[in-house]
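These values consider heavy atoms only, across backbone and side chains, with no hydrogens, waters or symmetry-generated copies.
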Amino acid sequence: MKILYLECNMGASGDMFMGALYDICEEKQTFLDKMEALNLPGVHIHVDQGEKCGVSGTSFAVHIHGEEEHSHDVAHGHHHSHDHDHHHSYHHHDHDLDSQDHSHEHTHGSMGEIRSWIENAPVSNQVKKDALGVYEILAQAEAAVHGTTPNEVHFHEVGTLDAVADIVGGCILMEMINPDRVMASPVHVGSGQVQCAHGILPVPAPATAKILTGIPIYSGEIQGELCTPTGAALLKYFVSSYGAMPVMVLEKVGYGLGKKDFPVANCLRAMVGQSEEAADEIVELTCNVDDMTGEAVGYALEKLMEEGALDVFITPIQMKKNRPAMMLTCMCRTFMEEQMARLMLKHTMTLGVRRKACTRMVMSWEIVEKETPYGIIRIKRAWGHGIEKIKPEYEDVRSAAEKHDVSFETVYRAALV
């Protein structure tokens with residue numbers, strides 16, 4: 001199993017998250033090309049190699065019309081480092097996020113505007129899904145803090161184009177690294193106060209604190225904002241469990257450098273390794289329904305799968321008054337528990353959803369292509385725990401069988417040879 005472990009001893013921000021993953025990404029130029037293809041309006045991206053307290057790593061700086069957004073700590077005036085080497089930089093003016101004039105200003109966009117841009121961005125469906133999922137976490141937190149709805153949220157710090165670049169860039173890198181499981185240490189949030197668009201706020205800022213609900217965090221002697229809303233949302237979306245680093249064979253280590261200077265190295269460390277014995281923590285959500293049609297239940301299952309459930313299924317049961325009924329079960333990642341439970345309440349007639357934490361043993365897998373007399377057939381190869389399995393993909397086998405007018409079994413066996 002390929003594990004990505006994030007060490008958050010100095011918190012996390014969008015640029016630190018992207019820098020740490022970039023540091024361990026094997027196809028760096030491919031990633032830079034994908035970022036350039038985004039054509040974000042007025043965006044200038046610097047990817048620099050620098051160091052913090054002697055630790056070398058990657059620093060990302062996103063400039064919007066020549067300006068870079070920072071968090072402004074109130075308690076102490078730690079300066080921001082600007083000693084960039086400018087190894088890579090891209091500047092875009094071609095497209096606008098919401099057809100407004102952004103000259104020398106950051107975009108404070110609505111969730112609808114951001115969703116529309118992401119849905120039309122030149123990235124894979126997985127990256128679109130992940131980026132929208134991260135922004136959904138941000139929107140829900142902002143809505144809760146300001147007493148509004150996610151669709152009515154008007155983003156400030158997290159709505160600017162640099163945050164869009166951080167989030168989409170982080171999702172692109174996560175797709176390229178493709179870990180089987182993402183884990184992290186407890187998150188250091190810092191202390192003191194920070195200057196935000198709404199005024200001077202405590203650290204962690206209210207939206208950040210809301211996002212970090214259910215995640216182990218701690219403060220300390222360092223005065224300043226270490227974990228930003230964007231960093232918190234990326235952690236909440238991708239990380240499945242928090243704690244000590246598991247036993248694994250280490251393969252790569254990367255460092256995403258923060259902008260501020262402290263007595264300790266201000267960086268987010270990413271470590272990738274292989275572990276055959278790591279357990280995967282998930283949540284099982286269930287509810288009973290006896291007053292829905294089969295079509296309505298089927299629609300609920302489709303919605304849950306579309307939104308990222310690991311698996312959804314129906315079990316026939318018998319409820320009170322001897323009525324036949326169905327138990328709907330949804331398996332999901334721990335960070336998606338609230339979202340999936342809300343969907344179950346929305347799309348079924350149930351009045352309550354039960355929750356059970358589960359640990360599962362999983363195998364690593366990959367898709368490989370094999371040349372056969374009937375064309376190329378994709379094969380899913382899985383391994384782990386001393387076991388290996390291979391299985392030809394159904395759609396490829398079915399399509400080849402129809403094309404060559406042979407049986408399904410003939411193509412299936414040819415793919416296994």
Side-chain angles (χ1 to χ4, degrees), residues 4-18 20-21 71 73-75 111 130-147 150 153 155-159 163 166-167 170-171 174 181-198 200-245 256 258 260 266-270 281 283 332-342 355 357:
L4 170 62
Y5 185 78
L6 301 173
E7 190 177 78
C8 307
N9 293 341
M10 291 299 288
S13 63
D15 58 314
M16 292 167 71
F17 185 90
M18 192 156 55
L21 297 190
S71 68
D73 299 326
V74 175
M111 184 62 189
D130 291 341
L132 288 171
V134 174
Y135 257 108
E136 184 64 29
I137 293 173
L138 286 166
Q140 290 179 8
E142 290 284 339
V145 168
H146 300 297
V153 166
F155 290 108
H156 291 276
E157 279 80 13
V158 298
D166 287 343
I167 290 171
C171 292
M174 191 64 75
R181 186 181 180 193
V182 183
M183 304 174 66
S185 69
V187 183
H188 190 179
V189 297
S191 61
Q193 296 174 311
V194 63
Q195 177 73 51
C196 298
H198 299 289
I200 297 175
L201 301 175
V203 172
T208 305
K210 180 65 178 177
I211 293 170
L212 292 173
T213 300
I215 294 174
I217 66 173
Y218 64 97
S219 184
E221 297 180 356
I222 295 178
Q223 296 281 314
E225 181 185 46
L226 299 184
C227 188
T228 67
T230 303
L234 286 163
L235 292 176
K236 184 133 188 175
Y237 183 81
F238 285 111
V239 176
S240 62
S241 63
Y242 295 82
M245 183 174 65
K260 304 168 189 174
N266 184 20
C267 60
L268 173 67
R269 181 157 68 170
E281 296 178 1
V283 173
C332 67
R333 299 290 185 188
T334 54
F335 66 84
M336 300 188 74
E337 173 187 347
E338 184 177 346
Q339 177 187 354
M340 292 295 112
R342 189 182 300 110
R355 172 194 183 278

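- Pairing each heavy atom of A141 with each of A207, the nearest pair is CB-O, 3.8 Å.
- Summarising the geometry, atom CG belonging to D130 is positioned 11.5 Å from atom CD1 belonging to I167; distances are rounded to the nearest 0.5 Å.
- Contact between A184 and C8 at its shortest, heavy atoms only, is CB-SG, 4.3 Å.
- Across all non-hydrogen atoms, the minimal contact from P229 to I211 is O-CD1, 3.7 Å.
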TODO: Walk me through it: do E337 and R355 pass the test side-chain contact (heavy atoms from CB on, under 4.5 Å)?
DONE: CA-CA 9 Å; E337 173 187 347; R355 172 194 183 278; 2.5 Å; yes

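- Side-chain contact between Y218 and N9: present, with at least one pair of heavy atoms (C-beta onward) separated by less than 4.5 Å.
- Applying the side chain to side chain contact (heavy atoms under 4.5 Å, CB included) criterion to S240, with sequence neighbours excluded, gives R181, D280.
- Atom CD1 of I222 is separated from atom NE2 of H188 by 5.0 Å, given to the nearest 0.5 angstrom.
- Interatomic distance, S241 OG to M183 CE, rounded to the nearest 0.5 Å: 3.5 Å.
- Across all non-hydrogen atoms, the minimal contact from L21 to G170 is CD1-O, 3.9 Å.
- With sequence neighbours excluded, the residues forming a side chain to side chain contact (heavy atoms under 4.5 Å, CB included) with C227 are V187, V189, T208, L212, A232, listed by chain and number.
- Judged by distance alone, with hydrogens and angles left aside, the side-chain atoms of K260 form a donor-acceptor pair with the main-chain N or O of E225 at under 3.5 Å.
- Judged purely by atom type and a 3.5 angstrom limit, K236 has no side-chain atom pairing as donor or acceptor with the backbone of M336.
- The distance from atom CD1 of I137 to atom CG of L132, rounded to the nearest 0.5 Å, is 11.5 Å.
- Side-chain contact check for F238 versus C171: some heavy-atom pair is nearer than 4.5 Å.
- Atom-to-atom distance recorded for M10:CE and N266:CG is 4.5 Å, nearest 0.5 angstrom.
- Contact of the Y242 side chain with the L235 side chain is registered, since non-hydrogen atoms from C-beta on lie closer than 4.5 Å.
- We find the CG-CG distance between L268 and L234 to be 10.0 Å, quoted to the nearest 0.5 Å.
- With a 4.5 Å cut-off on side-chain heavy atoms, Q140 and Y135 do not count as touching.
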Open item on the list: Walk me through whether L6 and F17 qualify under side-chain contact (heavy atoms from CB on, under 4.5 Å).
Closed with: CA-CA 9 Å; L6 301 173; F17 185 90; 3.8 Å; yes

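- Of the possible polar contacts, none joining the S13 side chain to the G231 backbone as a donor-acceptor pair under 3.5 Å is found.
- A search for side-chain hydrogen bond (donor to acceptor under 3.5 Å, both in side chains) contacts involving Y5 returns nothing, not counting sequence neighbours.
- Q223 and S191 form a side-chain donor-acceptor contact under 3.5 Å, judged by distance and modelled atom types alone.
- The two residues L201 and P206 make their nearest non-hydrogen contact at CD1-CD, 3.8 Å.
- In this structure, V134 and A233 approach most closely via the heavy-atom pair CG1-CB, 3.7 Å.
- Residue-environment remark: CD (E7) exceeds the threshold of 12 foreign heavy atoms within 6.0 Å.
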